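Single-structure report; data block below.
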Amino acid sequence: MLLHTQPGVTMWTKAKVLRGAFCAAQSVHAVKHRPGSCSVGSGPGKTWVRPSGFDTGLKTFNSLTKQKEPLILTREGVATWYSCGPTVYDHAHLGHACSYVRFDILQRILSRLFGITVIHAMVITDIDDKIIKRSLEDNVSPTTIASVYEEEFKRDMLSLKVTPPAVYLRVTDNVHHIVSFIEGIVKNGHAYATKEGDVYFDIQSIGHRYGKFVGAVGCQVEPGNSNKRDGRDFALWKPSKPQEPSWDSPWGRGRPGWHIECSTVASSVFGSQLDIHSGGIDLAFPHHENEVAQSEAYHLCGQWANYFLHSGHLHLKGSAEKMSKSLKNFVTIKDFLQSYSANEFRMFCLLTKYRSGVDYSDGSMLEARTSLRTISTFIHDATVYMKGQLHCSPVREAVLWERLAEIKSSVVKALADDFDTPRAISAVMNLVYHGNRQLQPVSKCEGVTRSPAVFGAMVSYITDVLDVFGIDLLHSKEAAEVRCGGSLEAVVEQLTHFRSEVRAFALVPQDGPTKPGLYPERIPLLKACDTLRNDLAPLGVLIKDRGSTSTWELTPRKGSQRVQDEDQETSS
């Protein structure tokens, strides 16, 4: 349901179409307050009412309660999900990528593993102080700045294989709806206008209900003028300065405040009830705090969003600061993809919990690359074994079937427990380890019973799990670089077969007890075989000699020298 790809359809129209999908369920959108159904944290503003509806069987860490809660959806099999999108004034960097990839993995887990349809909406902030400042510096319009970086952001997300939301909505396309939303908050007695043309949310009007996230992330006061009733009050509308974009409103020409855009856009799609809201932990306060306040004030509801999921920061290794544009300590997604692949970045994200901070370095990326390489090598070796090209000792088939069943159960349990991807990946690596232990090459295989079925099941399961996470080792960018069609593979197969026959001839020992070793005149043939293998490695053809037989695989040229060096250590 990728409505954003349909030409000629405005973003607001798309939002209306999506909202129509939920009209039948509006009667159950209101939060049901039942005795004994709420979990209460300590301090003001911490009350959370456990939703009634469809229990998914999963648990997730809810920032509203600071603990794991059962994930209960308003509608069976459907999760409504809103996320804060980028402010498009510069290149997206790995800090952004880490958050979006992590939540993409969570959404894939929900949909692919647990059968839940995720309806995801995202706002694009295309008018903001930073965009205006950049437009003045570059002497171009804010619209141009926003358009350029919005398209670049979308391309970056696709390059990282992030599934696009069902709908993107721009702030500038929704200003008239934002004005109406603010009018509703004023009408309900939770906002006030000043004579200068500002409109502020009235924190005191909601009393102790403000402060759902502040305990975890610290309190801040939004800058403002002395016309505020309370220092914590935040802007819903502000008058535009000279040379700034502006729109008509009952309070004069101006533009929206930052927080109001998300409440309006999310409500335009999902109404007064939202299952899941996600974003980086830095957005918890004040952005998400203020979103909750103004949304509940507009809808006059007790609980607008049932679950808030926050991702941890990405740090450059050795730095306590998060990666950010303002600190000038970022790596752009484009630059990153010059050295690493989307698969490797996804594995990097999988190796830590989505809500944990994570250090980015060449070492951490090497760990991710090595993990992928280990899995790829096992899949290749198991496939070669299934084809009958790799001769092994008798396989303990019953043990592998048992291990496969255990791993399947472990992965589901891990992912149902707050999307614990590190534990799930550890289980997959454990399966690879046990598979590799059984793939022990032997020189002679007469009379040995083969067990291809269990390895076929293992390979199928591992590729399926990785596919859930958005990792496709069979059709990856790296594979595409070296696979130029079936003809290349056929040539490599014939070349390897010819080399194996020459090598087998060269390895025949001399007859008789007085003539140990190989035939001296055949040793140059053996050396020529080794030279051919070594020369092919940098070209992306990796030949592995296993006793009297040989296997081959096509590999990316990037890093092939390292692979070649490792293989030489085991050459004959």
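Computed from a prediction, not measured in an experiment: that's the story for all the values here.
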So, [X] side chain and [Y] main chain: donor-acceptor pair closer than 3.5 Å or not?
| X | Y | result |
| --- | --- | --- |
| Asp233 | Ile203 | yes |
| Arg102 | Lys353 | yes |
| Arg134 | Tyr89 | yes |
| Asn188 | Ala297 | yes |

Six-ring centre of Tyr168, Lys154 cation under 6.0 angstrom, axis tolerance 45°:
yes

Row check, Phe61 ring normal vs Arg355 NZ/CZ: under 6.0 Å, within 45°:
yes

Please find out if less than 6.0 Å separates the ring center of [X] from that of [Y].
| X | Y | result |
| --- | --- | --- |
| Tyr307 | Trp48 | yes |
| Tyr149 | His91 | yes |
| Tyr192 | Phe201 | no |
| Phe348 | Phe336 | no |
| His310 | His288 | yes |

Name the orientation class of the two ring planes belonging to Tyr210 and Phe285 (parallel below 30°, tilted from 30 to 60°, perpendicular beyond 60°).
perpendicular

Can you confirm whether the side chains of [X] and [Y] place a donor and an acceptor under 3.5 Å from each other?
| X | Y | value |
| --- | --- | --- |
| Gln107 | Thr163 | no |
| Gln204 | Asp230 | yes |
| Lys195 | Asn227 | no |
| Asp362 | Tyr340 | yes |
| Trp304 | Ser272 | no |
| Asp418 | Thr60 | yes |
| Thr194 | Glu196 | yes |
| Asp128 | Thr125 | no |
| Ser147 | Thr144 | no |
| His120 | Ser83 | yes |
| His177 | Thr264 | no |
| Thr74 | Asp275 | yes |

Looking only at non-hydrogen atoms, find the nearest pair between [X] and [Y] and report the distance.
| X | Y | result |
| --- | --- | --- |
| Tyr100 | Gly85 | OH-C, 3.2 Å |
| Asn306 | Leu64 | O-CD1, 3.7 Å |
| Cys349 | Thr421 | O-OG1, 4.3 Å |
| Phe213 | Glu289 | N-OE1, 2.7 Å |
| Asp156 | Ser159 | O-OG, 2.6 Å |
| Ala342 | Lys161 | CB-CE, 4.1 Å |

Qualifying residue for side-chain contact (heavy atoms from CB on, under 4.5 Å) with Leu110, from Leu73, Leu71, Thr117:
Leu71

Ser364 and Asp359: side chain to side chain donor-acceptor pair (under 3.5 Å), yes or no, with the steps?
CA-CA 7 Å; Ser364 57; Asp359 287 336; over 6 Å; no

Could you walk me through whether Val331 and Tyr360 pass the side-chain contact (heavy atoms from CB on, under 4.5 Å) test, one step at a time?
CA-CA 10 Å; Val331 178; Tyr360 168 77; 4.3 Å; yes

So, are [X] and [Y] salt-bridged, with charged N and O less than 4.0 Å apart?
| X | Y | value |
| --- | --- | --- |
| Asp129 | Arg255 | yes |
| Asp198 | Lys228 | no |
| Asp248 | Arg253 | yes |

Considering residues, nucleotides and ligands other than Gln243, do more than 12 of their heavy atoms fall under 6.0 Å from its CD?
no

Checking side chain to side chain donor-acceptor pair (under 3.5 Å) for the pair Glu291/Ser295: CA distance, chi angles, key distance, verdict?
CA-CA 6 Å; Glu291 273 189 65; Ser295 297; 5.6 Å; no

